[in-house]
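So the structure is just underneath, and the comments pick up after that.
For clarity, every value in this text was computed on a predicted model and none was experimentally measured. To find a chain, count down the sequence lines: A is the first, B the second, and so on, and within it residues start at 1.
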Amino acid sequence: MSFPRRSNLVVPAAAWITYLFLLVPSLIVIPISFGGSGEMTFPPQVWTLDLYRQFFADAAWWGSLIQSLRIAVFVTLVTTVLGVPAAYALQRTNLPGGKVLGGLAMGPLLVPVVVLALGLYLQLGPIGLADKTWTVVLAHSMLALPFVMVSVGAALRHLDPSYEQVALIMGAGKTRIFFKVVLPQLRSGIAAGALFAFLISLDEVIVAYFITGTATQTLPVKMYSALRWEVSPVIAAVSTILTVVSLAFAIGLMWLERKDRHD
Amino acid sequence: MSETKPYLDRWAGLALLLPMAALLAIFFVYPLARTVWQSFYEYGFTLRAYETLLSSTLFWKVLKTTFAISFTATIVALLAGYPVALHLSRLPPQRRMPYLVMVMLPFWTSILVKSFALIVLLGYDGIVNNALSFVFGSPIHIPMVFNRVGAILGMVNYLLPFMILSILSSLLTQDVNLGRAAEVMGASRFTIFRRITLPLSMPGVLAGVLISFTLSIGMYITPALLGGRQDMMMANLIDFYTRQTLDWPLASAIAVVLLLVSGVLVAMLGQVRGAGGMKEMAR
Amino acid sequence: MQPIARDMIRVTALTRTYGSFNALDAVDLSVAQGEFVTLLGPSGSGKSTLLNLISGMIEPTSGKIEIDGRDATNQPTNQRGLGMVFQNYALMPHMTVFENVAFPLQVRKVPKSEIETRVRDVLRLIQLEHVADRKPKQLSGGQQQRISLARCIVYRPSIILMDEPLGALDKKLREDMQLEIKRLHAELGITMIYVTHDQEEALAMSDRIVLMRKGRIEQQGRPEELYFRPDTLFTADFLGSSNLLMGTIDVSARTLQTAYGNLPLPATRPGEPKSGDGVLMIRPESVRLFSETAPETWSGLQATVRDSIVLGSFVRHFLELPGGKRVIVQEPSGASLSRPERGSTVRVAWGPQDARLLRTDPDFQNL
């Protein structure tokens with residue numbers, strides 16, 4: 001038996017105002033990017049790819065996109081290669097300092113990014129290591145590490161230790177067990193962490209703004225500098241490219257989570 | 001009763017942890033230490049930077065602005081986010097997914113993209129003003145960006161996913177039967193909300209407020225792009241002293257203040273949520 | 001006379017403590033080649049601790065473990081040459097059934113062609129050849145457990161350890177699997193150490209039961225020895241159900257003075273209490289009901305019938321002695337069965353040699 005209820009519209013109505021406020025700024029750039037380069041209106045008066053032509057005609061723009069993608073790929077590799085073994089070790093040992101180190105790996109989440117950016121600037125600038133791609137990669141890796149640790153750590157907590165025990169009893173060595181038994185079962189956790197790392201690096205502005213120069217400028221830094229001086233329509237094209245990449249990765253992440261729940 | 005011995009021995013564990021520990025030491029711990037050190041160092045130990053800060057009207061003004069903007073943005077995010085969390089919590093789980101996607105969308109979008117979009121939307125000749133002009137038949141130019149309103153709107157957009165998920169998680173742990181029981185006893189929906197739902201969701205609200213406020217006070221991009229000249233926040237001041245005046249000790253001292261304030265907030269969050277709360281921010 | 005079998009496992013004064021808690025307290029145990037030994041006991045009795053010490057997943061506090069004649073006390077788990085079957089099967093979810101069974105052979109660097117035949121052979125042995133290409137999650141619990149058994153058998157370890165392997169299965173399947181494991185044990189002659197808290201399973205499967213209590217071995221022996229000739233109240237109580245009557249031993253009359261009368265004691269045996277308090281244990285199936293008089297040499301008591309239930313192949317009567325003490329009697333059932341009326345008075349009696357005199361135990365106060 002159900003009670004007749006008066007349908008309540010207050011909550012959905014209020015919620016939908018917020019949904020729109022969340023949705024519109026993230027998506028409006030897409031139609032605008034197909035408008036002309038004259039003025040930014042919605043809906044666009046004419047549909048054209050002019051802004052994308054402008055973007056790819058300017059080496060400074062697409063060069064920084066390539067730079068950003070390169071850095072993001074390296075960050076993904078570094079965080080995965082460092083984070084997965086570390087998360088595994090934190091779960092499967094009881095080293096005295098383990099808890100502290102695990103907490104420290106969460107640290108980059110808790111400290112305002114601008115403070116870290118300043119610290120890295122003070123550290124790298126004077127010894128000539130600013131404006132180098134590999135220092136940006138490592139700095140971004142530090143920022144992305146917590147996301148990898150959380151994703152992989154969660155996957156590890158769901159991994160029954162009896163798989164490793166039974167493999168050990170069957171005579172397997174621990175290296176073989178790590179690669180043949182543990183890693184395959186962490187796949188989706190590792191993939192989620194990698195996607196996170198890629199996105200964090202791709203969208204990161206502040207640290208990159210502090211420690212890159214003309215030689216290593218990333219797309220977000222180029223975009224930030226451009227936005228500070230004038231709101232050029234080509235940014236709509238840049239924004240759309242970034243949004244599409246981000247969305248593709250976000251969908252990938254949600255798919256992974258879903259898959260995990262169904263497995 | 002039988003707890004097994006750790007699967008990996010001490011040396012294997014150390015070998016696996018060392019690379020990550022090195023990264024953290026060089027690119028996290030050292031820069032922080034360097035900042036603290038720099039705030040006291042200028043051809044030798046000095047308190048000059050802190051003395052300057054104490055007497056700097058600019059610093060106090062920026063500090064006040066930071067807190068005012070962060071406070072307002074947090075409250076607006078709470079007021080705008082609570083109905084969403086409530087709406088989500090009342091949906092059956094299988095129908096929640098598309099709405100969650102909308103909530104998480106800004107989380108995945110670059111802050112620059114959102115800032116750009118807000119400029120285009122809310123600008124002098126922006127889409128919103130144009131639409132209003134069209135509706136009312138006369139030119140309307142409500143100033144909504146490059147001022148405090150713009151900075152706050154931009155920050156609220158950034159904060160909402162954190163706020164909503166935090167409140168949602170405490171709404172979802174509530175026992176549905178409490179509300180049903182109250183309804184059977186004749187309580188109105190508003191009474192149920194005021195007497196049961198709202199009080200029980202307070203831990204989530206508190207955590208959401210703390211997370212939002214912590215994120216706000218460190219904000220850099222949004223106030224720089226969407227705020228006016230008067231809306232400089234601490235992070236922007238750090239940048240100003242670092243790059244414009246090259247006064248590194250002063251920049252570092254402000255960073256130390258920011259670090260301390262957010263440290264206190266994070267500790268409070270830890271009290272509210274337990275250690276798990278920090279990790280939640282990563283989700 | 002039986003040939004003297006080699007000891008596959010010999011454990012000497014094996015101890016494991018956690019702080020002040022003795023999970024395992026100076027246990028000695030030998031297991032002969034080809035023997036099926038069950039470690040039985042309630043949770044926390046130390047049976048799993050002993051198993052994990054043998055497998056090497058726990059380090060002993062003191063004592064010695066020998067496997068097949070060599071000292072294995074400090075040997076790493078993966079060099080002990082053991083096999084193990086877990087309650088949760090622990091089949092690798094990312095591998096097919098074939099790959100799961102092949103895994104230990106790959107570890108041993110067995111040539112590929114040989115792996116193929118050996119895996120097929122062992123899958124045929126457990127009659128699951130047709131599921132070779134499926135993933136474990138697509139199989140039933142019973143099938144998964146047979147695969148995990150096959151994964152052990154395939155590399156012919158000298159000993160297979162089983163940690164409550166049937167605990168996750170329902171009753172019917174459990175009985176099938178008990179027979180399957182017994183069959184494989186008989187066919188392959190592998191030494192097996194089997195941990196369970198299920199006394200019926202232990203009775204059904206074992207060559208020898210090692211009953212554990214509080215980190216020590218309470219009693220060990222063949223199933224029928226433990227069942228019919230328990231040395232302690234704990235053993236009597238843990239295996240099957242029993243009627244326990246407490247009283248004071250009258251040495252001269254060789255009776256037990258109880259609240260229900262003086263009951264004659266069985267013939268003396270080594271280890272029985274000589275005087276003071278004692279407990280007389282009689283299995284429900286050793287007690288008979290008589291409407292009038294019992295055989296002269298039998299002990300007998302007057303009792304009131306409280307209830308009488310048919311459990312398929314047997315009937316169980318619940319009786320009450322004067323003063324409220326409950327007595328259970330179990331008889332084989334049959335179509336011509338006539339159940340005593342509820343509330344009627346009957347005589348219960350048992351042969352003197354079916355009773356067993358046991359020491360009192362502080363853990364069994366309210367008998």
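At a threshold of 4.5 Å between non-hydrogen side-chain atoms, the residues Arg151(C) and Val166(A) count as touching.
Around atom CG of Asn74(C), no more than 12 heavy atoms belonging to other residues, nucleotides or ligands sit under 6.0 Å away. Counting non-hydrogen atoms of neighbouring residues, nucleotides and ligands closer than 6.0 angstrom, the NE2 atom of His158(A) reaches no more than 12 such neighbours. The 12-atom threshold is not exceeded at CZ of Phe74(A), counting heavy atoms of other residues, nucleotides or ligands nearer than 6.0 Å. Crowding of Arg70(C) atom CZ: a count of heavy atoms from other residues, nucleotides or ligands under 6.0 Å exceeding 12.
Arg108(C) contributes no side-chain N or O that, together with a main-chain N or O of Ala172(A), makes up a donor-acceptor pair within less than 3.5 Å. Checking side-chain atoms of Asn78(C) against main-chain N and O of Ile169(A) turns up no donor-acceptor pair under 3.5 Å.
Within the model, atoms CD of Gln165(A) and CG of Asp163(C) stand 9.5 Å from one another, a figure rounded to the nearest 0.5 Å.
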- Item | Residue pair Met170(A), Val107(C): steps toward the side chain to side chain contact (heavy atoms under 4.5 Å, CB included) verdict | CA-CA 8 Å; Met170(A) 290 189 289; Val107(C) 168; 5.8 Å; no
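The salt bridge (Lys or Arg N to Asp or Glu O under 4.0 Å) check on Arg134(C) picks up nothing, with sequence neighbours excluded.
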Identify all side-chain donor-acceptor contacts of residues 180-187 of chain A below 3.5 Å with residues at least two apart in sequence or on another chain.
unit_1, atom_1, unit_2, atom_2, d
Gln185(A), NE2, Val181(A), O, 3.2
Arg187(A), NE, Pro184(A), O, 3.2

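Sorted by first and then second residue, the pairs that involve residues 57-68 of chain C and meet salt bridge (charged side-chain N to carboxylate O under 4.0 Å, His left out), not counting sequence neighbours, are Arg6(C)-Asp68(C), Arg10(C)-Glu66(C).
Within residues 89-96 of chain C, the residues having any heavy atom less than 4.5 Å from a heavy atom of chain A are, in residue-number order, Ala90(C), Leu91(C), Met92(C), Pro93(C), His94(C), Met95(C).
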